[in-house]
Amino acid sequence: MLIDTHAHVNFSAYKNDADEVIKKSLDNDVWMINIGSQYETSKKAVEITEKYSQGVYAAVGLHPIHLNTGLVKIKFDEEESSFNSREEDFNYEEYRELAKSEKVVAIGEIGLDYYYKPKTKKKLELFKEKQKETFLNQLKLAKDLDLPVIFHCRMAHNDLIGAIKEFNTSKIRGVVHCFTGTWEQAGEYLKMGFYLGFNGIIYKLDLKEIIQKTPLEKILIETDCPYLTPPSAGVKRNEPVYVRYIAEEIAEIKKVSYEKVAKITTENAKTLFKI
Ligand SMILES: [Zn+2]
(Lines give C-alpha, C1' and ligand atoms only; values in the text may rest on other atoms or scores of the structure.)
Protein backbone atom coordinates (compact mmCIF):
# COMPACT_ATOMS: atom_id res chain seq x y z
CA MET A 1 0.00 0.00 0.00
CA LEU A 2 0.94 3.67 -0.47
CA ILE A 3 -0.19 6.94 1.07
CA ASP A 4 -0.47 10.07 -1.07
CA THR A 5 0.36 12.58 1.66
CA HIS A 6 -0.51 15.65 -0.40
CA ALA A 7 -3.56 15.50 -2.67
CA HIS A 8 -6.24 18.04 -3.61
CA VAL A 9 -9.22 15.94 -4.62
CA ASN A 10 -11.08 18.67 -2.73
CA PHE A 11 -10.33 21.08 -5.63
CA SER A 12 -12.74 21.76 -8.45
CA ALA A 13 -10.61 19.83 -10.95
CA TYR A 14 -12.54 16.84 -9.51
CA LYS A 15 -15.94 18.44 -9.15
CA ASN A 16 -17.51 15.87 -11.46
CA ASP A 17 -15.73 12.71 -10.40
CA ALA A 18 -14.14 13.07 -6.95
CA ASP A 19 -15.89 9.92 -5.69
CA GLU A 20 -14.64 7.83 -8.61
CA VAL A 21 -11.09 9.16 -8.26
CA ILE A 22 -11.10 8.29 -4.56
CA LYS A 23 -12.65 4.88 -5.12
CA LYS A 24 -10.05 4.05 -7.79
CA SER A 25 -7.35 5.11 -5.39
CA LEU A 26 -8.66 3.03 -2.46
CA ASP A 27 -9.22 0.01 -4.74
CA ASN A 28 -5.52 0.26 -5.59
CA ASP A 29 -4.51 0.43 -1.92
CA VAL A 30 -3.57 4.08 -2.09
CA TRP A 31 -4.72 6.18 0.88
CA MET A 32 -4.69 9.96 0.72
CA ILE A 33 -4.66 13.19 2.65
CA ASN A 34 -6.56 16.00 0.92
CA ILE A 35 -5.04 19.35 1.75
CA GLY A 36 -6.89 22.64 2.19
CA SER A 37 -5.51 25.89 0.81
CA GLN A 38 -8.15 28.28 2.16
CA TYR A 39 -11.26 27.97 4.32
CA GLU A 40 -13.60 26.64 1.62
CA THR A 41 -11.19 24.01 0.29
CA SER A 42 -10.30 23.01 3.86
CA LYS A 43 -13.99 22.55 4.65
CA LYS A 44 -14.47 20.54 1.48
CA ALA A 45 -11.52 18.28 2.41
CA VAL A 46 -13.15 17.61 5.80
CA GLU A 47 -16.55 16.88 4.21
CA ILE A 48 -14.95 14.34 1.87
CA THR A 49 -13.45 12.41 4.81
CA GLU A 50 -16.92 11.91 6.28
CA LYS A 51 -17.90 9.65 3.37
CA TYR A 52 -15.13 7.11 4.02
CA SER A 53 -14.49 4.97 7.04
CA GLN A 54 -10.80 4.58 6.30
CA GLY A 55 -8.06 5.79 3.95
CA VAL A 56 -9.18 9.37 3.31
CA TYR A 57 -7.95 12.14 5.62
CA ALA A 58 -7.76 15.93 5.58
CA ALA A 59 -5.50 18.83 6.46
CA VAL A 60 -6.81 22.35 7.01
CA GLY A 61 -4.97 25.63 6.61
CA LEU A 62 -4.54 28.92 4.80
CA HIS A 63 -1.93 28.75 2.02
CA PRO A 64 0.19 31.92 1.85
CA ILE A 65 -0.97 32.83 -1.65
CA HIS A 66 -4.54 32.98 -0.38
CA LEU A 67 -3.65 35.33 2.43
CA ASN A 68 -5.15 38.79 2.05
CA THR A 69 -2.16 41.12 2.24
CA GLY A 70 -3.71 43.84 0.10
CA LEU A 71 -0.27 44.22 -1.48
CA VAL A 72 -0.27 42.00 -4.58
CA LYS A 73 -2.68 41.00 -7.29
CA ILE A 74 -2.65 37.25 -7.67
CA LYS A 75 -4.13 35.26 -10.51
CA PHE A 76 -5.64 32.14 -9.01
CA ASP A 77 -5.72 28.84 -10.75
CA GLU A 78 -9.33 28.28 -11.70
CA GLU A 79 -9.03 24.57 -11.00
CA GLU A 80 -8.34 25.20 -7.37
CA SER A 81 -11.67 25.82 -5.80
CA SER A 82 -15.22 24.80 -6.44
CA PHE A 83 -16.16 28.04 -4.75
CA ASN A 84 -14.47 31.33 -5.39
CA SER A 85 -10.72 31.30 -5.00
CA ARG A 86 -10.06 34.34 -2.94
CA GLU A 87 -7.78 36.10 -0.57
CA GLU A 88 -8.77 35.77 3.06
CA ASP A 89 -7.71 36.78 6.54
CA PHE A 90 -6.80 33.90 8.82
CA ASN A 91 -9.57 33.24 11.33
CA TYR A 92 -8.11 31.18 14.16
CA GLU A 93 -11.43 30.08 15.65
CA GLU A 94 -12.97 29.00 12.34
CA TYR A 95 -9.97 26.86 11.46
CA ARG A 96 -9.83 25.50 14.98
CA GLU A 97 -13.42 24.31 14.72
CA LEU A 98 -12.71 22.60 11.39
CA ALA A 99 -9.52 21.03 12.68
CA LYS A 100 -11.36 19.34 15.53
CA SER A 101 -13.04 17.00 13.06
CA GLU A 102 -11.95 13.43 13.64
CA LYS A 103 -10.10 12.80 10.37
CA VAL A 104 -8.17 16.06 10.25
CA VAL A 105 -4.60 14.84 10.64
CA ALA A 106 -2.60 18.04 10.08
CA ILE A 107 -2.57 21.81 9.74
CA GLY A 108 -1.63 22.72 6.18
CA GLU A 109 -0.71 23.73 3.77
CA ILE A 110 0.86 26.73 5.44
CA GLY A 111 4.12 28.59 5.00
CA LEU A 112 5.73 31.32 2.95
CA ASP A 113 5.50 32.01 -0.79
CA TYR A 114 7.39 34.86 -2.45
CA TYR A 115 6.59 33.92 -6.03
CA TYR A 116 4.11 36.77 -6.45
CA LYS A 117 5.41 39.78 -4.59
CA PRO A 118 5.06 43.54 -4.45
CA LYS A 119 7.60 45.67 -6.29
CA THR A 120 8.62 48.31 -3.77
CA LYS A 121 10.93 47.59 -0.86
CA LYS A 122 8.56 48.96 1.75
CA LYS A 123 5.62 46.92 0.47
CA LEU A 124 7.76 43.81 0.18
CA GLU A 125 8.73 44.08 3.85
CA LEU A 126 5.10 44.43 4.89
CA PHE A 127 4.14 41.52 2.65
CA LYS A 128 6.76 39.22 4.18
CA GLU A 129 5.81 40.36 7.67
CA LYS A 130 2.12 39.57 7.09
CA GLN A 131 2.89 36.10 5.70
CA LYS A 132 5.14 35.34 8.64
CA GLU A 133 2.59 36.51 11.20
CA THR A 134 -0.13 34.31 9.67
CA PHE A 135 2.27 31.38 9.47
CA LEU A 136 3.19 31.69 13.16
CA ASN A 137 -0.49 31.91 14.07
CA GLN A 138 -1.14 28.63 12.30
CA LEU A 139 1.86 27.00 13.97
CA LYS A 140 0.24 28.00 17.23
CA LEU A 141 -2.97 26.29 16.15
CA ALA A 142 -1.03 23.12 15.32
CA LYS A 143 0.63 23.22 18.70
CA ASP A 144 -2.66 23.86 20.54
CA LEU A 145 -4.30 20.86 18.84
CA ASP A 146 -1.15 18.73 18.88
CA LEU A 147 -1.28 18.21 15.11
CA PRO A 148 1.63 17.99 12.67
CA VAL A 149 2.19 20.70 10.07
CA ILE A 150 2.39 20.52 6.27
CA PHE A 151 4.71 23.27 5.08
CA HIS A 152 4.44 24.95 1.71
CA CYS A 153 7.45 27.03 0.73
CA ARG A 154 8.37 28.77 -2.51
CA MET A 155 11.44 30.97 -2.84
CA ALA A 156 11.52 31.50 0.92
CA HIS A 157 13.28 28.58 2.63
CA ASN A 158 15.71 30.64 4.69
CA ASP A 159 12.90 32.82 6.04
CA LEU A 160 10.75 29.75 6.74
CA ILE A 161 13.58 28.04 8.63
CA GLY A 162 14.11 31.27 10.61
CA ALA A 163 10.40 31.56 11.47
CA ILE A 164 10.18 27.93 12.61
CA LYS A 165 13.22 28.37 14.85
CA GLU A 166 11.73 31.55 16.29
CA PHE A 167 8.55 29.63 17.14
CA ASN A 168 10.40 26.84 18.93
CA THR A 169 11.05 23.76 16.87
CA SER A 170 10.67 21.30 19.73
CA LYS A 171 6.96 22.03 19.78
CA ILE A 172 6.21 21.05 16.20
CA ARG A 173 6.54 18.12 13.83
CA GLY A 174 5.77 18.01 10.16
CA VAL A 175 6.73 17.72 6.51
CA VAL A 176 8.12 20.19 3.99
CA HIS A 177 5.90 19.32 1.05
CA CYS A 178 7.24 19.48 -2.54
CA PHE A 179 10.75 20.16 -1.34
CA THR A 180 12.81 22.04 -3.95
CA GLY A 181 15.46 23.82 -1.87
CA THR A 182 19.19 23.20 -1.57
CA TRP A 183 20.85 20.33 0.29
CA GLU A 184 21.94 22.80 2.95
CA GLN A 185 18.32 23.83 3.54
CA ALA A 186 17.20 20.19 3.46
CA GLY A 187 19.78 19.52 6.16
CA GLU A 188 18.32 22.26 8.35
CA TYR A 189 14.83 20.77 8.12
CA LEU A 190 16.12 17.25 8.79
CA LYS A 191 18.04 18.48 11.85
CA MET A 192 14.77 19.91 13.18
CA GLY A 193 13.19 16.48 12.74
CA PHE A 194 10.97 17.25 9.75
CA TYR A 195 10.23 14.98 6.82
CA LEU A 196 10.72 16.03 3.18
CA GLY A 197 7.89 15.41 0.71
CA PHE A 198 8.62 14.63 -2.94
CA ASN A 199 6.23 14.62 -5.90
CA GLY A 200 6.20 14.96 -9.70
CA ILE A 201 8.41 18.03 -9.53
CA ILE A 202 11.28 15.53 -9.46
CA TYR A 203 10.71 15.07 -13.21
CA LYS A 204 11.22 18.80 -13.77
CA LEU A 205 13.99 19.74 -11.35
CA ASP A 206 17.14 17.85 -10.53
CA LEU A 207 16.62 16.68 -6.95
CA LYS A 208 18.57 13.42 -7.31
CA GLU A 209 21.38 14.34 -4.95
CA ILE A 210 18.95 15.50 -2.26
CA ILE A 211 16.87 12.32 -2.58
CA GLN A 212 20.02 10.19 -2.42
CA LYS A 213 21.24 11.94 0.71
CA THR A 214 17.90 12.07 2.56
CA PRO A 215 17.32 8.92 4.64
CA LEU A 216 14.30 6.95 3.40
CA GLU A 217 13.01 7.14 6.98
CA LYS A 218 12.58 10.90 6.44
CA ILE A 219 10.84 10.82 3.05
CA LEU A 220 7.13 11.14 2.32
CA ILE A 221 5.65 10.64 -1.13
CA GLU A 222 2.85 12.74 -2.59
CA THR A 223 1.19 13.78 -5.86
CA ASP A 224 0.05 17.38 -5.27
CA CYS A 225 -2.73 16.39 -7.67
CA PRO A 226 -4.28 17.80 -9.88
CA TYR A 227 -0.84 19.31 -10.57
CA LEU A 228 2.59 17.85 -11.39
CA THR A 229 1.45 14.70 -13.19
CA PRO A 230 4.24 12.12 -13.64
CA PRO A 231 4.88 11.78 -17.41
CA SER A 232 4.39 7.99 -17.26
CA ALA A 233 0.75 8.50 -16.24
CA GLY A 234 0.05 9.62 -19.81
CA VAL A 235 -2.80 11.95 -18.81
CA LYS A 236 -3.01 15.66 -18.02
CA ARG A 237 -4.71 15.64 -14.62
CA ASN A 238 -2.85 14.00 -11.77
CA GLU A 239 -4.56 11.64 -9.27
CA PRO A 240 -3.55 9.97 -5.98
CA VAL A 241 -3.21 6.61 -7.72
CA TYR A 242 -0.19 7.92 -9.66
CA VAL A 243 1.81 8.31 -6.46
CA ARG A 244 3.26 4.89 -7.27
CA TYR A 245 5.36 6.52 -10.03
CA ILE A 246 6.96 8.71 -7.39
CA ALA A 247 7.76 5.65 -5.27
CA GLU A 248 9.26 3.96 -8.34
CA GLU A 249 11.40 6.98 -9.18
CA ILE A 250 12.68 7.27 -5.61
CA ALA A 251 13.50 3.54 -5.59
CA GLU A 252 15.46 4.03 -8.79
CA ILE A 253 17.36 7.07 -7.50
CA LYS A 254 18.17 5.46 -4.14
CA LYS A 255 18.90 2.07 -5.70
CA VAL A 256 16.56 0.19 -3.38
CA SER A 257 13.49 -1.91 -4.15
CA TYR A 258 10.08 -0.42 -4.86
CA GLU A 259 8.67 -2.57 -2.05
CA LYS A 260 11.06 -1.02 0.42
CA VAL A 261 10.17 2.53 -0.61
CA ALA A 262 6.46 1.68 -0.41
CA LYS A 263 6.79 0.11 3.03
CA ILE A 264 8.99 2.73 4.67
CA THR A 265 7.25 5.81 3.26
CA THR A 266 3.87 4.38 4.28
CA GLU A 267 5.17 3.79 7.80
CA ASN A 268 6.55 7.34 7.84
CA ALA A 269 3.16 8.79 6.89
CA LYS A 270 1.34 6.63 9.46
CA THR A 271 3.74 7.70 12.18
CA LEU A 272 3.66 11.42 11.41
CA PHE A 273 -0.09 11.72 10.88
CA LYS A 274 -1.09 9.04 13.42
CA ILE A 275 -3.27 7.15 10.94
ZN1 LIG B 1 -0.62 21.59 -2.48
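Just follow the structure's listing: the first ligand is 1, and inside any ligand the first atom is 1.
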Per-pair distances, 0.1 Å, donor-acceptor, side chain in residues 209-216, under 3.5 Å, sequence neighbours excluded:
residue, atom, partner, partner atom, Å
E209, OE2, K213, NZ, 2.6
T214, OG1, I210, O, 2.7

(request) Write down the atom of T266, the atom of L2, and the distance for their closest heavy-atom approach. (result) OG1-CA, 3.6 Å

(message) Looking at every non-hydrogen atom in both residues, tell me the closest pair between A186 and L196 and how far apart they are.
(response) CB-CD1, 3.8 Å

(message) My understanding is that only residues two or more places apart in sequence, or in another chain, count here; which of them pass salt bridge (charged side-chain N to carboxylate O under 4.0 Å, His left out) with K130?
(response) D89

(request) Just jot down the side chain to side chain contact (heavy atoms under 4.5 Å, CB included) partners of A106, sequence neighbours excluded, or say none. (result) A59, P148, I150, F273

(message) Between the side chains of D19 and K24, is the shortest nitrogen-to-carboxylate-oxygen separation below 4.0 Å, so that they form an ion pair?
(response) no

(request) Take the Zn ion (ligand 1) as the centre and count protein N, O or S atoms at distances under 2.8 Å. (result) 4

